[in-house]
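Only one structure is covered here, and it is reproduced in the block below.
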Amino acid sequence: MSDYRISLHREDVLLAELSVSQTRYVELTRELRARFPREDGFSLHIERRREVRRILEQSPDGLRLLGVEYRHEKVPEHA
């Protein structure tokens with residue numbers, strides 16, 4: 001599952017940055033666009049975070065997750 005990073009800008013000045021789960025993405029972007037319209041100088045910059053790989057350690061106690069590498073991909077703008 002991927003999640004999203006949404007940056008809210010007004011006239012190219014960063015106002016807020018949110019991390020959003022995939023399950024809430026559509027609802028939240030719809031709400032943000034309604035509350036912060038483009039006509040008032042607001043814009044959303046959205047990136048999807050995808051897992052690239054996991055770094056694991058194996059020991060006699062079992063597997064342990066050491067870290068996760070992610071890649072951020074720009075989400076095309078919707079009108």
Side-chain angles (χ1 to χ4, degrees):
M1 185 158 86
S2 59
D3 63 349
Y4 295 84
R5 180 169 54 192
I6 301 175
S7 302
L8 174 65
H9 294 253
R10 184 170 195 182
E11 298 172 2
D12 294 325
V13 175
L14 177 64
L15 299 177
E17 192 171 85
L18 306 159
S19 292
V20 181
S21 70
Q22 183 175 352
T23 57
R24 304 299 294 212
Y25 169 72
V26 172
E27 174 188 353
L28 185 63
T29 54
R30 192 175 295 140
E31 180 76 20
L32 287 171
R33 286 191 172 106
R35 290 180 182 261
F36 301 101
R38 184 180 302 260
E39 303 82 46
D40 291 344
F42 293 100
S43 62
L44 297 178
H45 301 261
I46 304 171
E47 296 178 324
R48 179 182 301 118
R49 186 173 81 161
R50 296 221 186 249
E51 190 175 298
V52 177
R53 70 179 181 148
R54 291 180 178 206
I55 303 164
L56 303 171
E57 174 184 75
Q58 184 174 358
S59 72
D61 295 329
L63 283 176
R64 185 170 74 151
L65 178 64
L66 299 179
V68 180
E69 288 185 22
Y70 295 98
R71 177 181 65 220
H72 287 89
E73 305 166 338
K74 184 169 173 44
V75 174
E77 216 158 304
H78 305 293

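Owing to the predicted nature of the structure, the values given are computational and were not obtained by experimental measurement.
Residues that satisfy the side chain to side chain donor-acceptor pair (under 3.5 Å) test with His45, not counting sequence neighbours, are Ser43. Scanning for salt bridge (charged side-chain N to carboxylate O under 4.0 Å, His left out) contacts around Arg24 gives Glu27, with sequence neighbours left out. Residues forming a side chain to side chain donor-acceptor pair (under 3.5 Å) with Glu39 (at least two apart in sequence, or on another chain): none. Judged as a side chain to side chain donor-acceptor pair (under 3.5 Å), and not counting sequence neighbours, the contacts of Arg53 are Glu69. In terms of the side chain to side chain contact (heavy atoms under 4.5 Å, CB included) criterion, residue partners of Glu17 (sequence neighbours excluded) are, by chain and number, Arg5, Ser7. By the side chain to side chain contact (heavy atoms under 4.5 Å, CB included) test, Leu18 pairs with Val20, Leu28, Leu32, sequence neighbours left out. Arg64 is linked by a side chain to side chain contact (heavy atoms under 4.5 Å, CB included) to Glu57, Leu66, counting only residues two or more places apart in sequence or in another chain. Remark: Glu73 engages Arg50, Arg71 in a side chain to side chain donor-acceptor pair (under 3.5 Å) (not counting sequence neighbours).
Within the 4.5 Å cutoff, side-chain heavy atoms of Leu14 are placed close to those of His9. Within the 4.5 Å cutoff, side-chain heavy atoms of Leu56 are placed close to those of Leu65. No side-chain heavy atom of Leu15 sits under 4.5 Å from any side-chain heavy atom of Phe36. Proximity of Leu44 to Leu8: side-chain heavy atoms (C-beta onward) are separated by under 4.5 Å at one or more points.
The ring pair (Phe, Tyr, Trp, His ring centres under 6.0 Å) contacts involving residues 49-68 comprise nothing, where partners must be two or more places apart or lie in separate chains. Within the structure, the ring pair (Phe, Tyr, Trp, His ring centres under 6.0 Å) test picks out no pair touching residues 53-75 (sequence neighbours left out).
Shortest non-hydrogen contact noted between Pro37 and Ala34 is CD-O, 4.1 Å. Heavy atoms only, all atoms of each residue included: Gln22 and Tyr4 are closest at CA-CE1, 4.0 Å. Minimum heavy-atom separation, Leu63 to Gln58: CD2-CB, 3.8 Å.
Residue Asp12 places its CG atom among 12 or fewer non-hydrogen atoms of other residues, nucleotides or ligands, all under 6.0 Å distant.
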